[in-house]
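Just below is one structure, and these are the notes that go with it.
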There are 2 protein chains.
Amino acid sequence: MGKQMTEMLKGTLEGMILAILAVRPAYGYEITARLRDEGFSDIVEGTVYAVLIRIEKRDLVDVEKVPSEKGPPRKVYSLNAQGGEYLEEFWGTWSFLAERIAQLRQHIENTQETGE
Amino acid sequence: MGKQMTEMLKGTLEGMILAILAVRPAYGYEITARLRDEGFSDIVEGTVYAVLIRIEKRDLVDVEKVPSEKGPPRKVYSLNAQGGEYLEEFWGTWSFLAERIAQLRQHIENTQETGE
DNA sequence: CCTGACTACTCTGTACTACTATCTACCACT
DNA sequence: AGTGGTAGATAGTAGTACAGAGTAGTCAGG
């Protein structure tokens, strides 16, 4: 994983996982696989589990143990009301940051064009 | 500063500062003030200086001491070639992440509409 | 003239938190 | 016994927050 990406994931990975859970409940291994499919190719499983444990402790998700055909039972996480609120906050924070950064980028492009 | 914002700044603040320097050279105090103007109202000076020292050590910027009318001499930072490359990388990483997150958000909205 | 208050400016040290790497361990089927 | 799905622990690295110190000018009041 690139160093820049690693740092950027701090503060966003948690939100992304909550967002995934907002679509539908899922378990750790599945979430890892989905993230990998979406291009976060070398995300570490341990990282995802750490996030899941954290959000469970903060009571942002409900947990249900479901037996799987292979291996130990899955822990299926689903977003609860509190988690929904937290996710809303996340979108707010993210939007703010993304807008500022887009602005900065725009500013640079204008500068280069006009040679300010 | 909100906890979520604090975490999100990890990995992005550095890029933002480089982006500011890409527009024109600047010194620490000035950068802090500009960030504050743009809405990052409670960013701490010490945080900015830490980033500046780091990017100087990594040789992403050139430094010039300029006497100021008030107070100690300013350290004016300007982006060098290597810093420019690094900033390009940053935009790449950021774009990737921002796109995925936008996709996730879109997905949630669609889910809510159609009740998938 | 001198002192103290205020502003501009830089830098340092400690604490907190998140992600990574690596490893352990469990379970079921072949 | 081996393979693949599944969960978790631990130690290490790195970035930001916060608090505070230090330096160098200006200006008001005595």
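The analysis underlying the following values was restricted to heavy atoms, covering all of them including side chains, and did not include hydrogens, waters or symmetry mates. These numbers come from a predicted model, not from an experiment.
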>> Checking B:Arg58 against B:Glu14 for the salt bridge (charged side-chain N to carboxylate O under 4.0 Å, His left out) test, could you report, in this order, the C-alpha distance in whole Å, the side-chain angles of both residues, the deciding distance, and whether it holds?
In response: CA-CA 12 Å; B:Arg58 288 200 200 133; B:Glu14 182 178 290; 3.2 Å; yes
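In this structure, A:Gly28 reaches the sugar-phosphate backbone alone: every heavy-atom distance under 4.0 Å involves primed, P, OP1 or OP2 atoms, never a base. Residue B:Leu13 is in sugar-phosphate contact alone, with no base atom involved, counting any heavy-atom pair closer than 4.0 Å across all strands shown.
Spacing between atom CD1 of A:Ile55 and atom P of C:dA18 amounts to 12 Å, rounded to whole angstrom units. For A:Ile53 and C:dC19, the CD1 to C1' distance is 14 Å, given to the nearest whole Å. When rounded to the nearest whole Å, the span between NZ of A:Lys10 and C1' of D:dT13 equals 7 Å. Atom CD1 of A:Ile43 and atom P of C:dT22 are 16 Å apart (whole Å). One can place CE of B:Met16 at 15 Å from P of D:dG15, the figure rounded to the nearest angstrom. In this structure, CE of A:Met8 is placed 15 Å from C1' of C:dA18, rounded to the nearest angstrom. Spacing between atom CG of A:Leu9 and atom C1' of D:dT13 amounts to 15 Å, rounded to whole angstrom units. The interatomic distance linking A:Glu64 (CD) with D:dA7 (P) rounds to 13 Å, in whole Å.
A close approach under 4.0 Å does occur between a side-chain nitrogen or oxygen of B:Arg54 and OP1 or OP2 of D:dG15. Between B:Thr47 and the phosphate of D:dA17, there is a side-chain N or O to OP1/OP2 separation shorter than 4.0 Å. Side-chain N/O atoms of B:Tyr27 include one lying less than 4.0 angstrom from OP1 or OP2 on C:dC9. An OP1 or OP2 oxygen of D:dT13 is reached within less than 4.0 angstrom by no side-chain nitrogen or oxygen of A:Lys3.
The cluster map of Ile, Leu, Val, Met, Phe, Trp and Tyr, joined by side-chain heavy atoms under 4.5 Å apart, puts A:Ile53 and A:Val76 in different clusters.
A residue-by-residue look at A:Asp42 and A:Pro73 shows that A:Asp42 has its nearest nucleotide of DNA chain C further toward the 5' end. Of the residues near DNA chain C, A:Met5 and A:Pro72, the one whose nearest nucleotide (by heavy atom distance) lies more toward the 5' end is A:Met5. Position along DNA chain D of the nearest nucleotide to A:Lys75 versus B:Glu45 favours A:Lys75 as the more 5'-ward residue. The nearest heavy atom of DNA chain D to A:Tyr49 and to B:Glu14 marks one nucleotide each, and the one closer to the 5' end goes with A:Tyr49.
Atoms CZ and OG, from B:Arg100 and B:Ser95 in turn, are 11.0 Å apart once rounded to the nearest 0.5 Å.
Under the 4.5 Å side-chain criterion, counting only non-hydrogen atoms from C-beta, B:Ile20 is not in contact with B:Tyr77.
The closest donor-acceptor contact from the side chain of B:Arg74 to the backbone of B:Val66 lies at 3.5 Å or more, if one exists at all.
Comparing C:dA18, D:dT6, C:dT22 by their closest approach to the side chain of A:Val44 singles out C:dT22.
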